[in-house]
Amino acid sequence: MERSEYGGQAVVEGVMFGGSSYQVTAIRRISGEIEFLMIRKTQNQFLSGLKKIPILRGVVAIIEASATGSKHIQFSTDRFGILPDEDAKMEAIRKTSKLTLLLGVAVVGILSFLFGKFLFTLLPVFAASLLSGVFPGHYQQNLLEGFIKFILLIGYLLAIAQTPLIKRVFQYHGAEHKLINTYENNQPLTVENIQKHSRLHFRCGSSFILFTIFVGVFVYIWFPTDPLTFRIAVRILLLPLVIGLSFELLKLTNGLRHTPILKLLGYPGLWLQKLTTKEPTPSQIEVAIASFNELLRIESKMSEK
């Protein structure tokens with residue numbers, strides 16, 4: 001029997017997991033107890049129809065993930081706490097600005113796309129145009145733009161990873177991936193089993209962000225880079241196409257992850273995850289297990305009705 005496919009997202013001091021009908025977030029309170037947030041997915045017949053259409057389904061998935069993901073992020077940022085034995089880090093964590101916190105958490109989940117694609121799409125356009133004297137020509141400008149996007153993304157990840165709180169979010173991201181890998185390998189969800197698995201996964205929002213850079217280079221190369229206003233308009237208008245194609249590429253690489261040679265297509269995304277995931281502590285893995293088990297319990301209970 002084929003097992004259901006689950007996905008997740010790291011939040012502040014916790015993990016969200018989503019199934020076919022529900023999403024559950026578990027966070028660790030400062031007291032050490034675990035608190036849950038459960039959200040039932042709304043069913044829309046029109047959107048369900050769009051989800052069956054290649055490319056369009058990617059746009060719908062991003063919009064839905066952003067809408068629901070923001071609720072889980074807000075819950076965690078409002079309610080988060082740290083473990084009692086880590087009080088020495090409290091001051092540094094408290095000093096993390098709200099903006100840095102939200103942007104750092106956003107990178108882990110698919111929500112990062114909405115922020116990132118406007119910032120990391122338009123800034124490279126202006127930067128590349130300023131260097132048009134050194135890198136003239138349509139093809140050079142397009143490749144330079146993609147390279148600048150990549151450098152900005154890597155630099156951004158390295159910068160926010162220096163903050164104590166974002167580092168912990170990246171650890172929870174690792175816990176999420178390790179748990180999913182354990183589940184997909186049909187092994188019991190214990191701390192010991194989960195610790196043995198990789199913190200990298202082919203089906204990850206971090207990989208998706210990287211794919212949008214590659215796909216953007218391919219899509220935009222068919223359009224002129226001058227004048228600048230036209231170039232900006234093309235980047236904005238074609239964002240849905242870039243999203244949709246990147247989503248399809250993510251699904252493709254996930255489907256080929258067990259195929260020799262072809263699985264290499266997903267390796268660039270896995271390499272990026274080395275920056276957006278960190279090895280979790282046993283306590284963080286416990287939170288991930290609690291979140292996933294609660295999701296399974298709720299979905300099992302609803303299916304019996």
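- Side-chain contact annotation: E176 with H201, donor-acceptor N/O pair under 3.5 Å absent.
- Here the shortest heavy-atom pairing between G49 and I53 reads O-CG1, 3.8 Å.
- Separation of the F17 and F292 ring centroids falls under the 6.0 Å cut-off.
- The backbone N or O of L200 lies less than 3.5 Å from a partner atom in the side chain of N181, making a donor-acceptor pair.
- A donor-acceptor contact under 3.5 angstrom links the side chains of S206 and T276, judged on distance only.
- Shown are L252, T253, N254; of these, the side chain to side chain contact (heavy atoms under 4.5 Å, CB included) with L256 is made only by L252.
- Under the 4.5 Å side-chain contact rule for hydrophobic residues, W222 and L239 share a cluster.
- Of the possible polar contacts, none joining the E294 side chain to the V24 backbone as a donor-acceptor pair under 3.5 Å is found.
- I180 is not connected to F202 by any chain of hydrophobic side-chain contacts under 4.5 Å among Ile, Leu, Val, Met, Phe, Trp and Tyr, and they are in different clusters.
- Residues H173 and C204 form a side-chain contact, since some pair of their non-hydrogen atoms from C-beta on lies under 4.5 Å apart.
- Other residues, nucleotides and ligands place no more than 12 heavy atoms under 6.0 Å from the CD1 atom of I261.
- Formation of a donor-acceptor pair under 3.5 Å by the H72 side chain with backbone atoms of V11 is not found in this model.
- The two residues F135 and Q141 have their closest heavy-atom pair at O-NE2, 2.9 Å.
- N193 and T190 are linked by a side-chain donor-acceptor pair at a separation below 3.5 angstrom, with hydrogens and angles left out of the test.
- Two different hydrophobic clusters hold W271 and F211 under the rule that ILVMFWY side chains link at heavy-atom gaps under 4.5 Å.
- Separating the CG atom in L264 from the OG1 atom in T259 is a distance of 10.5 Å, to the nearest 0.5 Å.
- V217 and L249 fall into different hydrophobic clusters, where Ile, Leu, Val, Met, Phe, Trp and Tyr residues are linked whenever their side-chain heavy atoms come under 4.5 Å apart, directly or through other members.
- With respect to E299 and R40, no salt bridge is recorded, no charged nitrogen being found less than 4.0 Å from a carboxylate O.
- E35 approaches F75 most closely through the heavy-atom pair OE2-CE1, 3.9 Å.
- Under the 4.5 Å side-chain heavy-atom criterion for Ile, Leu, Val, Met, Phe, Trp and Tyr, L130 and I151 are members of distinct hydrophobic clusters.
- In this structure, K178 contributes its side chain and S198 its backbone to no donor-acceptor pair below 3.5 Å.
- Between F208 and I243, the closest side-chain pair of non-hydrogen atoms falls below 4.5 Å.
- Atom NE2 of H197 is separated from atom CG of N185 by 4.0 Å, given to the nearest 0.5 angstrom.
- A donor-acceptor contact shorter than 3.5 Å links the side chain of T212 to the backbone of I209.
- Under the 3.5 Å distance criterion, the side-chain polar atoms of S291 are matched with a main-chain donor or acceptor of V15.
- Of the charged side-chain nitrogens involved, at least one lies within less than 4.0 Å of a carboxylate oxygen, so that R28 and E286 count as a salt-bridged pair.
- Taking each heavy atom of R235 and Y220 in turn, the nearest pair found is O-OH, 3.4 Å.
- Pairing each heavy atom of P124 with each of L152, the nearest pair is CG-CD1, 3.9 Å.
- Y6 places a side-chain heavy atom less than 4.5 Å from the side chain of L295.
- The shortest non-hydrogen separation linking A128 to R231 is CB-NH2, 3.5 Å.
- Looking at heavy atoms from C-beta onward, Y172 lies out of side-chain contact with V169 at the 4.5 angstrom threshold.
- Environment of NZ in K41: crowded, with over 12 heavy atoms of neighbouring residues, nucleotides or ligands closer than 6.0 Å.
- The existence of a salt bridge linking E248 and K251 is excluded, since no basic side-chain nitrogen approaches an acidic carboxylate oxygen closer than 4.0 Å.
- Put simply, the side chain of L272 reaches to within 4.5 Å of the side chain of I154, judged on heavy atoms.
- No side-chain heavy atom of F170 sits under 4.5 Å from any side-chain heavy atom of L275.
- Proximity of a side-chain donor or acceptor of Q171 to a complementary backbone N or O of E279 within less than 3.5 Å is detected.
- Panel note: side chain S76, backbone V12; a donor-acceptor pair is recorded below 3.5 Å.
- To the nearest 0.5 Å, the span separating CE on M16 from CD1 on I39 amounts to 8.0 Å.
- Contact of the L144 side chain with the L131 side chain is registered, since non-hydrogen atoms from C-beta on lie closer than 4.5 Å.
- Proximity of a side-chain donor or acceptor of R199 to a complementary backbone N or O of P280 within less than 3.5 Å is not detected.
- Residues I27 and V287 form no side-chain contact, since every pair of their non-hydrogen atoms from C-beta on lies 4.5 Å or further apart.
- The number of heavy-atom neighbours closer than 6.0 Å to CZ of F36, taken from other residues, nucleotides and ligands shown, is above 12.
- For the residue pair Q273 / H177, a side-chain donor-acceptor distance below 3.5 Å is found, with atom types taken as modelled.
- Remark: the backbone N or O of L158 is paired with a side-chain donor or acceptor of Q162 at under 3.5 angstrom.
- Counted within 6.0 Å of CZ on F218, heavy atoms from surrounding residues, nucleotides or ligands total 12 or fewer; the atom is thus considered open.
- L56 contributes atom CG, which lies 6.0 Å from atom CG of L50 (distance to the nearest 0.5 angstrom).
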